[in-house]
Amino acid sequence: METESEPYVRLATLRQLHQVMADMNTARSLADTLQTVADGVVNGLGYELACVNLVRPDGDLVVAAFAGNPAAEALITGRVGSRESWERRLSMGQHWGDLVFIPHTEGWILDDDDVPQWYTDGPAPRFEDEWHPSDRLFAPMYTPGVQGGACGELIGVLSVDRPRNGRLPGAWGREALQMYAFQAAIAISNARLRANMQRALVRLEREQQALRASEESFRQAFEYAPSGMAIAEMGGDQHGRILRTNDALCRLLGRPASAMRRYSFSDLVHPEDIGTLLRTSAEGGRAELRLGRRDGSYVWVSLRNSVVADAADGPRFLLTHVEDIEERKRRELQLAHRASHDSLTGLPNSAELRARLAARLCRRPTHAGALESMDAAYGHPAVFDANGHGFDFPGVAALDAYDHHVHTVSPDEAERDDGTKGLAVLFCDLDGFKSINDRFGHNAGDAVLIEVARRLTRQVRDGDTVARLGGDEFVILADGLGRADAQDLAVRLRSEIIQPIRAEGRAVRVGASFGIGWAHCGMTADEVLKSADERMYIEKRSRPKQHRRAG
């Protein structure tokens, strides 16, 4: 664009400028756009050198593209100039609209600042409008839609050097450079937007891939887990409804997946375990309970809950891990049974007998001394009024529990039976058992004990307790009996015991002595057993020796 012909700009020049701008707006990446901007200054506007200084996030400007001189490009591309130095440059010199021209007469003071720059050699200008090698021309680029540099956000600066005709740009050249900087700012902003969108799309695709991989991993872990897994709804009218189960849970309960979706865990749990299920926390809750199988049986399982969300703000679901603990529970019950039952006869042992008896009795405090005895149990002293009666204190709630206890009473022991029912304790000692052990051996004795235990159990009611106290001593707890009822029971049990027993291939006989004691609140289990034991010995001594059954 020759200075002297600016009023008559050639059509070819306009076409070339139009093509440069088109290339600038169709570049494939931000880096290509920046280089196209620099190349366009050289190819379309007729300057020998062009540099694109791009504002970084920290505010400083970096040389992002260079055109016109490969040596200078290698020297300064990637170098950074401070924002402070750039603002100083843009505030100096002559302002041609948005352009800033700093003549060589003023620019010498910028030779030592930190802005990357280059120098071109050449003779001193001979004419007033001739370009000096130390002249500087800058075209600031502002955000699109902003007219004028004062109000816009600076996104970069175009630095140009030495028009090819060697003259300072005229009105047309200045207008063309300013228009080009405006279009370059649009192109760079669009390229940044595209780059950000591409990065966001790449990041989104990676996240989606990771999510799909995570979902697939979860699906495989859920489906192929060796123990049961279930997903249930949380909240709403369908809270707790099972949405999905894995094969392991379906096999455990003997129910198809389609049928499982009709239930919630509250529908499947054993009625006695409903309270345990309801007390189980949704988040991190654990419980051991029984779930119903399709055949009507129940299996012991361990439930472990956790809460998962379908999306950041999506619905929440309950993920339940179901582990089969039937074998462990069976072993635990076996161990508990062995600890509380006699290994020979299978009857409750002495410890279990005392525990069952103690559970029916209470030590009812009726005066200050009795309350004082509870100090150690409840961790604080009792308080009494002036008459020695206990009154309100923190531990009195424990005493209030007695008001809800069904007190065990003893039938009237006078000659007249007034019909009172109580907890009868029948102490049984076998007569002639030692001679069986001595004559036929302990195997025969064990066979006798096993058969006696069976006969005693057969003669009592459901809910009564037959226990082996030790050796050849048995105890029967029978609730709700009067004195006559207890005596009739003792007669029936003795009659059953004295029948012949097959032991080691021979028939043997044993007799039985019974003592009937009565449990009532205020007594200990040992006191009740001692009372029945003493009555048994009284009864044993009262019968002639020849009337006792021997082996």
Does some side-chain heavy atom of [Y] sit less than 4.5 Å from a side-chain heavy atom of [X]?
X      : Y      : value
Val425 : Ile516 : no
Val301 : Leu289 : yes
Leu268 : Met260 : yes
Arg286 : His321 : no
Leu61  : Arg83  : yes
Phe514 : Arg494 : yes
Arg483 : Trp518 : yes
Thr524 : Leu361 : no

Salt-bridge criterion met for [X] and [Y] (N-O under 4.0 Å):
X      : Y      : result
Asp58  : Arg56  : yes
Lys434 : Asp472 : no
Glu272 : Arg290 : yes
Glu326 : Lys329 : no
Glu216 : Arg212 : no

Donor-acceptor pair, [X] side chain versus [Y] backbone, under 3.5 Å?
X      : Y      : result
Asn246 : Ser227 : yes
Asp342 : Pro348 : no
Asp273 : His270 : no
Ser495 : Val491 : yes
Arg194 : Leu30  : no
Asp247 : Tyr224 : no
Arg502 : Gly505 : yes
Arg468 : Gly471 : yes

Please name the pair of heavy atoms, one in [X] and one in [Y], separated by the smallest distance, quoted to 0.1 Å.
X      : Y      : answer
Ile497 : Cys428 : CD1-SG, 4.1 Å
Gly240 : Ser264 : O-CB, 3.0 Å
Ser29  : Ala191 : O-CB, 4.5 Å
Ser531 : Gly517 : OG-CA, 4.5 Å
Ala478 : Asp464 : CA-OD1, 3.6 Å
Pro256 : Cys250 : C-SG, 4.1 Å

Chi angles and distances behind the side chain to side chain contact (heavy atoms under 4.5 Å, CB included) call for Ser189, Ile155: CA-CA 8 Å; Ser189 297; Ile155 63 172; 3.8 Å; yes
From CA spacing to verdict: side chain to side chain contact (heavy atoms under 4.5 Å, CB included), His341, Asn349: CA-CA 5 Å; His341 287 71; Asn349 59 19; 5.6 Å; no
Chi angles and distances behind the salt bridge (charged side-chain N to carboxylate O under 4.0 Å, His left out) call for Arg328, Glu288: CA-CA 11 Å; Arg328 173 168 66 82; Glu288 293 186 356; 2.5 Å; yes
Distance, nearest 0.5 Å, that separates [atom1] of [X] from [atom2] of [Y]:
X      : Y      : atom1 : atom2 : result
Tyr298 : Arg293 : OH    : CZ    : 12.0 Å
Leu154 : Leu54  : CG    : CG    : 9.5 Å
Asp431 : Lys540 : CG    : NZ    : 3.5 Å
Leu481 : Asp488 : CG    : CG    : 9.5 Å
Glu534 : Leu529 : CD    : CG    : 11.0 Å
Glu504 : His442 : CD    : NE2   : 12.0 Å

Candidates Asp533, Val475, Leu347 - the one meeting side chain to side chain contact (heavy atoms under 4.5 Å, CB included) with Leu469: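 It is Val475; the other options fail the test.
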Leu303 vs Val322, side chain to side chain contact (heavy atoms under 4.5 Å, CB included): CA-CA, chis, key distance, verdict: CA-CA 5 Å; Leu303 296 185; Val322 183; 3.5 Å; yes
Are more than 12 heavy atoms from other residues, nucleotides or ligands located less than 6.0 Å from atom [atom1] of [X]?
X      : atom1 : value
Lys421 : NZ    : yes
Arg206 : CZ    : no
Arg294 : CZ    : no

Trace of the salt bridge (charged side-chain N to carboxylate O under 4.0 Å, His left out) decision for Lys530 with Glu527: CA-CA 5 Å; Lys530 182 180 178 182; Glu527 289 172 344; over 6 Å; no
Side-chain donor-acceptor pair present, Asp438, Ser435, cut-off under 3.5 Å: no
Exercise: do Asp429 and Ser513 side chains pair donor with acceptor under 3.5 Å: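 Asp429 vs Ser513: no donor-acceptor pair found between side chains.
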For Thr320, the option from Asn305, Thr245, Thr280 that meets side-chain hydrogen bond (donor to acceptor under 3.5 Å, both in side chains):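 In the set Asn305, Thr245, Thr280, the residue that makes a side-chain hydrogen bond (donor to acceptor under 3.5 Å, both in side chains) with Thr320 is Asn305.
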Worked check of side chain to side chain contact (heavy atoms under 4.5 Å, CB included) between Ile242 and Asp267: CA-CA 10 Å; Ile242 296 174; Asp267 299 323; over 6 Å; no
Residues forming a salt bridge (Lys or Arg N to Asp or Glu O under 4.0 Å) with Glu352, sequence neighbours excluded: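 Checked Glu352 against salt bridge (Lys or Arg N to Asp or Glu O under 4.0 Å); matches are Arg356.
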From CA spacing to verdict: side chain to side chain donor-acceptor pair (under 3.5 Å), Asp295, Ser297: CA-CA 6 Å; Asp295 61 6; Ser297 63; 2.6 Å; yes
Arg255 NZ/CZ over Tyr263 ring centroid, <6.0 Å and within 45° of normal: yes
